[in-house]
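Okay, so here's the structure we're looking at.
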Number of protein chains: 2
Amino acid sequence: MSTQEDIQEKKKRISVWIVDDNKSFCVVLSEALNRSNSITCDRYFHSSRQAIEFLETNNHPPQVILLDIKMPGTKGVDAIESIKRIAPSTNIIMLTSYDFDTDIRTSLKRGASGYLLKSSQPMDIIRAIQTVQKGGTPLDPMITQRMTDAFIAENPESDAYNLSAREREVIRWISQGMNSAEVAQQLSITYNTVETHIKNIFHKLNVSNRHAMVAKAIKERLI
Amino acid sequence: MSTQEDIQEKKKRISVWIVDDNKSFCVVLSEALNRSNSITCDRYFHSSRQAIEFLETNNHPPQVILLDIKMPGTKGVDAIESIKRIAPSTNIIMLTSYDFDTDIRTSLKRGASGYLLKSSQPMDIIRAIQTVQKGGTPLDPMITQRMTDAFIAENPESDAYNLSAREREVIRWISQGMNSAEVAQQLSITYNTVETHIKNIFHKLNVSNRHAMVAKAIKERLI
DNA sequence: GCATAAATACCGGGTTCCCGGTATTGATTC
DNA sequence: GAATCAATACCGGGAACCCGGTATTTATGC
């Protein structure tokens, strides 16, 4: 294989880190991942602390982190927010040996992109990494079912901000690219009212400008 | 059941429309959906045109539309963009009897949120509707696999706009709520450079302000 | 070596946004 | 009927954004 092809190959591969206290699990999984031609497992860590420290001093975060939920020291669930703060664009897939509803929910709430059982086949994990890079939410079917049942009854996070229908409507048009004047015309209300709605949304979502509002609304599916 | 409970019950249910030329399929599926306690199938249409017309004159779009991909007249794939234009927040799940890669890709590109085989059990469809409302992407496992294989080799849509790594980085920080000055500090470049990057992104994404940029970048998974 | 593209940097001026207020109406709730 | 909330509306000023330029350096490609 020539150097050029080699570089091209590397570019295509999805970069992945593993964070798991079980050393042999890390070795086995990283080898399996590297055998696939779409993923490179750059490195693995045996504690959240080590991974976060490396992330902070290094300016090349991976595209995906596989994060064990149950570890000595900082728990996986607690590491999510730190990781997301340092590397907002890195997708996190949680790995777990057991399945407590609360942990699943907490993880997804804090920014994890997926949730898999450690008993999954390497092929399933590879597929999950690919899925998450394309924007999907890889969840073990067992977990999906459990989540669906548990989540659907109560109100999801989406309702936590108490946005009114009108406010959501304003966000929708704003996210289409309209400015306040255009939204006003669209909704047949005055410019001032639109501005008031936006100010109220800012408070409810705890943001201070439109782009953050749009980002939060889309990411948290408020609109 | 009292009236209050009745109203509360209705509020919780996910509103769904079915668009499928097969009349008995519509009847059977809508009955199955209504039997669940989480979904209300408000109405069904036997052509995309009818559904779109109703959507235009009515200001209560459903939360989810199940859309057959193969219909006489306007094809399901072509209806997606019209539906998304009228009701941007409505999630669309495509139904299909067959599975061509191109159709799957086109549908997702145009804004569909999921893709199911019509041979799926009603229970699977119910779960898919719930999934899509929580932000997931329900895809039939058969389809997922096919997609993953086909998509991963070539560059995904995300590359169509030719955003540079630096530009994506700028969008990421902007979408966190930072202003240009803060992004400049974050990236150790000047305010002017950030503004230049943003201007260039505007051109590439064909938008004219930050909130549209953020919305597009997130929706099309550019960041 | 020359074209192309990415990343960097600067300027000026018009527009829009952001934020602090205040206030009225109508519907719901207690 | 008082309180609360959503939706409506207005004002003013300072900050940030948008857009039209121009320009240099470095890296990549042919």
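In what follows, chains carry the letters A, B, and so on, assigned in the order in which the sequence lines appear, proteins first and then strands, with residues in each chain numbered from 1.
- For B/Ile174 and D/dC17, the CD1 to C1' distance is 10 Å, given to the nearest whole Å.
- Of the listed nucleotides (D/dT8, C/dC17, D/dC19), C/dC17 has the atom at the smallest distance from the side chain of A/Asn179.
- Atoms NE2 (B/His203) and P (C/dA5) sit 15 Å apart, rounded to a whole Å.
- For A/Thr196, no side-chain nitrogen or oxygen approaches OP1 or OP2 of D/dC10 to under 4.0 Å.
- Taking the nucleotide of DNA chain C with the nearest heavy atom to each of B/Asn209 and B/Ser188, the more 5' of the two is matched to B/Ser188.
- Judged by distance alone, with hydrogens and angles left aside, the side-chain atoms of A/Glu182 form a donor-acceptor pair with the main-chain N or O of A/Asn179 at under 3.5 Å.
- With C/dA9, D/dA9, C/dA7 as the choices, the nucleotide that has an atom nearest any side-chain atom of B/Glu167 turns out to be C/dA7.
- Whole-Å rounding puts the B/Asn162 CG to C/dT4 P distance at 16 Å.
- Rounded to whole angstrom, the span from the CZ atom of A/Phe202 across to the P atom of D/dA16 amounts to 14 Å.
- When the side-chain nitrogen and oxygen atoms of A/Ser208 are compared with OP1 and OP2 of C/dC18, none of them lie within a distance under 4.0 Å.
- Within 6.0 Å of the CD atom in B/Glu53, the count of heavy atoms belonging to other residues, nucleotides or ligands exceeds 12.
- Ring planes of B/Phe45 and B/Phe54: tilted class, angle from 30 to 60°.
- The phosphate of C/dA9 (OP1 or OP2) has a side-chain N or O of B/Thr190 nearer than 4.0 angstrom.
- In this structure, the nucleotide among C/dA6, C/dC19, D/dC18 sitting nearest to the side chain of B/Arg210 is D/dC18.
- Distances shown here put a side-chain N or O of B/Asn192 below 4.0 Å from the OP1 or OP2 atom of C/dC10.
- The shortest distance between the side-chain N/O atoms of A/Thr193 and the OP1/OP2 oxygens of D/dA9 is below 4.0 Å.
- Minimum atom distance to the side chain of A/Ser164 is reached by D/dA6, of the listed C/dC19, C/dC10, D/dA6.
- Distance from the side chain of B/Lys199 is smallest to C/dC11 among C/dC11, C/dC19, D/dT8.
- Residue A/Tyr161 contributes atom OH, which lies 17 Å from atom P of D/dA6 at whole-angstrom precision.
- Comparing B/Arg166 and A/His211 along DNA chain C, the residue whose closest nucleotide (by nearest heavy atom) sits nearer the 5' end is B/Arg166.
- For the pair B/Leu187 CG and C/dT8 P, the interatomic distance rounds to 8 Å; values are reported in whole Å.
- Comment: A/Glu169 does not engage A/Arg172 in a salt bridge, judged by the lack of any side-chain N to carboxylate O separation of less than 4.0 angstrom.
- Rounded to a whole Å, the CE atom of B/Met213 is 12 Å from the P atom of D/dC19.
- As a whole-Å value, the separation of B/Ile201 CD1 from C/dT8 P is 12 Å.
- In A/Glu56, the CD atom is crowded: over 12 heavy atoms of neighbouring residues, nucleotides or ligands sit closer than 6.0 Å.
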